[in-house]
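One structure is given below, encoded as structure tokens.
Side chains included, hydrogens not; waters and symmetry mates left out as well; all remaining heavy atoms used. Whatever order the structure lists ligands and atoms in, that order sets their numbers, starting from 1.
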Amino acid sequence: MSCHNCSQPQVLCSSERLFLQPLWDRVRSWEALILSPFFPVLFSITTYVGFCLPFVVLDVLCCRAPALRRYKIHPDFSPSARQLLPCLWQTLYQHVTFVFPVTLLQWARSPALLPHEAPELLLLLQHVLLCLLLFDTEFFVWHLLHHKVPWLYRTFHKVHHQNPSSFALATQYLSVWELFSLGVFDMVNVTLLGCHPLTALTFHVLNIWLSVEDHSGYNFPWSTHRLVPFGWYGGVAHHDLHHSHFNCNFAPYFTHWDKILGTLRPASVPVR
Ligand SMILES: [Zn+2]
Ligand SMILES: [Zn+2]
């Protein structure tokens, strides 16, 4: 007897896989779009802008609802249109001019196929966590190097530090080299671990969300660093300190590498 979803013998179709199969079947109904060469760029831009928009709206509302300012790390700062628009323009420009040709080449070299079966839930969670830890490590090394070597800082990373009080749309205000490095770290881990496409999509979405949250300037009671125990996760409060002090908190998400190398500056920003 075989499973109606994946034509595997039913004993092989674990309950964990069945749990994600309806979601994966729904994703696969968009197969033509997902396998098109335009998908990576469209997916990346829409996810990024979609995550940034609520924070842009909050920044506008802050002027009319001062109570919202209690959640801001810098209560008196709201980005102006002159700060927001160049950031948005740069993201669109770089994705169309640089990211799209690279993904097009990759698509032409090896057009992908989507498997019929969903991944097991536990394996998906393990792979996403591993991808996050590896990405955190790779970016920590890259980031530390680009602060310690003045030429690397001036040439490639300084542009990201142009806004001392960060805001969501400043997340991808990066040099092309930094954008490519982040893209390579993102893709390499997924490939090395042999992740299922649904796992890769989940990791990409989570990675974009966490990077936007890091730069949002909002320290909510539900911010990720408040949900992860034992101070393992630095998040927005830590990354904001990096933007204001330059010499600390080089890891984008977790705190262990900064602890080990003595570059951790604890954040103490209460929710007022
Ligand atoms: Zn930096
Ligand atoms: Zn940053």
Side-chain angles (χ1 to χ4, degrees), residues 44-45 47-49 51-56 58-59 72-74 77-80 83-91 94-95 99 132 135-186 204 206-220 223-225 233-267 269:
S44 176
I45 290 178
T47 310
Y48 173 66
V49 174
F51 284 151
C52 286
L53 263 181
F55 292 111
V56 174
L58 277 177
D59 281 336
K72 292 205 75 169
I73 293 174
H74 302 286
F77 171 74
S78 283
S80 65
Q83 288 172 294
L84 293 170
L85 291 176
C87 291
L88 184 60
W89 168 246
Q90 196 186 36
T91 296
Q94 287 182 338
H95 274 79
V99 181
L132 264 185
F135 179 88
D136 190 72
T137 304
E138 290 151 354
F139 186 67
F140 174 80
V141 173
W142 187 101
H143 198 188
L144 192 66
L145 204 64
H146 283 69
H147 272 272
K148 296 297 176 192
V149 180
W151 180 78
L152 288 176
Y153 179 78
R154 278 196 313 273
T155 316
F156 299 117
H157 188 52
K158 192 179 174 184
V159 63
H160 183 59
H161 280 276
Q162 278 194 357
N163 298 293
S165 296
S166 60
F167 48 92
L169 277 171
T171 307
Q172 289 191 4
Y173 198 63
L174 309 167
S175 66
V176 175
W177 167 245
E178 183 163 355
L179 185 69
F180 265 113
S181 303
L182 292 174
V184 167
F185 298 151
D186 193 293
H204 294 325
L206 186 64
N207 204 13
I208 294 172
W209 164 250
L210 293 178
S211 63
V212 169
E213 189 194 47
D214 258 11
H215 294 87
S216 67
Y218 285 87
N219 189 3
F220 290 117
S223 292
T224 309
H225 70 101
Y233 191 87
V236 60
H238 274 218
H239 197 66
D240 188 81
L241 280 173
H242 173 73
H243 273 267
S244 47
H245 289 85
F246 299 92
N247 60 354
C248 60
N249 302 346
F250 294 103
Y253 304 142
F254 297 96
T255 52
H256 53 276
W257 285 117
D258 280 303
K259 263 183 206 156
I260 291 167
L261 275 112
T263 51
L264 184 74
R265 189 182 181 108
V269 184

Metal proximity, His242 vs the Zn ion (ligand 1), N/O/S cut-off 2.8 Å: yes
Spatial distance of atom NE2 (His225) from atom OH (Tyr233) [nearest 0.5 Å]: 9.0 Å
Rounded to 10 degrees, the angle NE2 of His143 makes with NE2 of His161 at the Zn ion (ligand 1): 160°
His215, N/O/S atom nearest the Zn ion (ligand 2): NE2
His239 atom (N/O/S) at minimal separation from the Zn ion (ligand 2): NE2
Sole residue of His157, His143, His161 in ring pair (Phe, Tyr, Trp, His ring centres under 6.0 Å) with His243: His161
Proximal heteroatom of His157 relative to the Zn ion (ligand 1) (N/O/S): NE2
Metal site the Zn ion (ligand 1): N/O/S of His243 inside 2.8 Å: no
Pair His242 and His147, ring centroids less than 6.0 Å apart: yes
Electrostatic pair Asp258-Arg265, nearest N-O below 4.0 angstrom: no
Ring centers of Phe139, Trp142 separated by less than 6.0 Å: yes
